[in-house]
Structure formats: C-alpha cells, structure tokens
Amino acid sequence: MLYSKIRRVCCFPSSLWQNAVGDEGAALLCGALKTNRSLKQLDLGSSQIGLAGVRAIAGLLQQNKTLESLSLSGNAVGDEGAALLCGALKANRSLKTLNLGNSQIGLAG
C-alpha cells in the first residue's frame with residue numbers, strides 16, 4: 001500500500017525521521033525511488049531499519065543518480081550494512097553526504 005501511494009505522487013516527504021519504516025518499508029521505498037529523478041535528500045534516521053533494509057538501500061544507491069544526501073543515523077546498520085553501503089558507493093556518483101551516526105557500526109565496519 002505504501003509503495004502504490006508513493007508511486008502516485010510526484011514527491012513525498014524527504015524526512016521520515018523517527019517513523020517506523022522498518023526493513024519492509026525501506027524495501028518498498030527503495031522500489032519507488034528507483035524511478036524517482038527529483039528527490040535529492042532523504043532522512044531515514046531512527047526509523048527501525050536493520051540489515052535487510054540497508055541491503056535494499058545499498059541496491060538503490062547503486063542505481064540512483066539524483067540522491068545527494070542520505071541519513072541512516074540511529075538505525076541498526078552494523079558492520080555488515082556499512083560494508084554493503086561502501087560497496088554501493090563505488091557505483092554512486094551523486095551522493096555527497098551519508099550520515100551513519102549511532103548506527104551500531106564497530107571497528108570492522
């Protein structure tokens with residue numbers, strides 16, 4: 001339902017901070033953003049996103065050419081998620097800011 005609503009509108013709030021987006025919501029959001037060419041900033045801070053959601057976001061970052069700023073602060077990104085995002089950023093040339101503060105990333109990440 002969220003996915004169909006997002007696809008019908010030309011733009012949606014760029015801040016979903018402290019919303020219970022979760023992994024499923026992140027995957028749906030990323031599906032909608034694959035065709036979005038206007039959103040430049042997205043704040044998903046403290047949105048209950050874990051590794052599965054980060055995996056979807058990393059997939060989006062490999063394809064998206066418009067997003068310039070992304071916040072995932074306060075989510076359970078972890079070391080594995082950080083590695084996924086690093087891999088995605090090798091293919092991404094548009095993202096200038098990535099906030100991963102308080103995202104459970106240790107020395108391995």
Side-chain angles (χ1 to χ4, degrees):
M1 188 157 144
L2 174 66
Y3 179 74
S4 63
K5 287 181 182 178
I6 291 171
R7 286 183 52 99
R8 279 188 258 141
V9 293
C10 66
C11 55
F12 50 91
S14 63
S15 179
L16 294 171
W17 180 72
Q18 284 193 331
N19 278 276
V21 174
D23 290 337
E24 184 179 352
L28 291 171
L29 184 62
C30 288
L33 288 176
K34 285 183 181 178
T35 58
N36 184 292
R37 301 290 181 248
S38 59
L39 187 71
K40 293 186 184 270
Q41 298 179 351
L42 182 59
D43 185 351
L44 292 171
S46 300
S47 293
Q48 302 174 13
I49 297 171
L51 183 58
V54 172
R55 188 172 282 115
I57 293 166
L60 171 68
L61 289 176
Q62 290 177 339
Q63 299 175 1
N64 186 281
K65 297 188 182 0
T66 56
L67 196 61
E68 295 177 359
S69 176
L70 174 63
S71 176
L72 294 173
S73 66
N75 288 293
V77 173
D79 293 340
E80 188 176 346
L84 289 169
L85 292 170
C86 284
L89 290 176
K90 290 178 183 177
N92 184 294
R93 300 289 178 241
S94 64
L95 198 69
K96 295 174 175 69
T97 305
L98 177 60
N99 183 350
L100 294 173
N102 298 316
S103 294
Q104 303 174 13
I105 300 171
L107 294 175

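All of these numbers come straight from a predicted model, not from anything done at the bench. One is the number of the first residue; the rest follow in order along the sequence.
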Taking all heavy atoms of Ala88 and all of Ala58, pick out the closest pair and write down the distance.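 Looking at all heavy atoms of both residues, the closest pair is CB-O, 3.2 Å.
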
What is the minimum heavy-atom distance between Asn64 and Ser94, and which atoms define it?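 For Asn64 and Ser94, the tightest heavy-atom pair comes out as O-OG, 3.8 Å.
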
Of all pairs that satisfy salt bridge (charged side-chain N to carboxylate O under 4.0 Å, His left out), the ones with a partner from [range], not counting sequence neighbours:
range: residues 100-109; answer: none
range: residues 98-109; answer: none
range: residues 73-90; answer: Arg55-Glu80

Any donor-acceptor N/O pair, Asn19 side chain to Trp17 backbone, under 3.5 Å: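 Side chain of Asn19 to backbone of Trp17, a donor-acceptor pair under 3.5 Å: yes, one is there.
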
Is a side-chain donor or acceptor of Asn36 paired with a backbone partner of Ser38 at a separation under 3.5 angstrom?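 Yes, Asn36 side chain to Ser38 backbone: donor-acceptor pair under 3.5 Å.
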
Residue pair Leu39 / Thr66, side-chain heavy-atom distance below 4.5 Å: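 The answer is no, as the side chains (C-beta and beyond) never meet within the 4.5 Å cut-off.
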
Beyond-backbone contact of Leu44 with Leu29, side-chain heavy atoms, under 4.5 angstrom: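 Yes; the side chains approach each other to less than 4.5 Å.
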
side-chain contact (heavy atoms from CB on, under 4.5 Å) partners for Leu89, two or more places apart: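 Once residues adjacent in sequence are excluded, the partners of Leu89 under the side-chain contact (heavy atoms from CB on, under 4.5 Å) criterion are Leu61, Asn92, Leu95, Leu98.
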
Report all side-chain donor-acceptor pairs from residues 101-109 shorter than 3.5 Å, counting only partners two or more places apart or in another chain.
residue: Ser103; atom: OG; partner: Leu72; partner atom: O; Å: 3.1
residue: Ser103; atom: OG; partner: Leu100; partner atom: O; Å: 2.9
residue: Ser103; atom: OG; partner: Gly101; partner atom: O; Å: 3.2

Check whether Leu84 and Leu70 end up in the same hydrophobic cluster, where Ile, Leu, Val, Met, Phe, Trp and Tyr are linked by side-chain heavy atoms less than 4.5 Å apart.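 Looking at the clustering, Leu70 is in a separate group from Leu84.
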
From Ile57 CD1 over to Asn75 CG, what is the distance, rounded to the nearest 0.5 angstrom?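 The distance works out to 7.5 Å.
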
Assess the residue pair Gln48 and Val21 against the criterion (side-chain contact (heavy atoms from CB on, under 4.5 Å)); give the C-alpha distance rounded to whole Å, side-chain angles, the decisive distance to 0.1 Å, and a yes or no. CA-CA 6 Å; Gln48 302 174 13; Val21 174; over 6 Å; no

Only counting residues at least two apart or in another chain, list the ones meeting salt bridge (charged side-chain N to carboxylate O under 4.0 Å, His left out) with Glu68.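 Per chain and number, Glu68 pairs via salt bridge (charged side-chain N to carboxylate O under 4.0 Å, His left out) with Lys40.
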
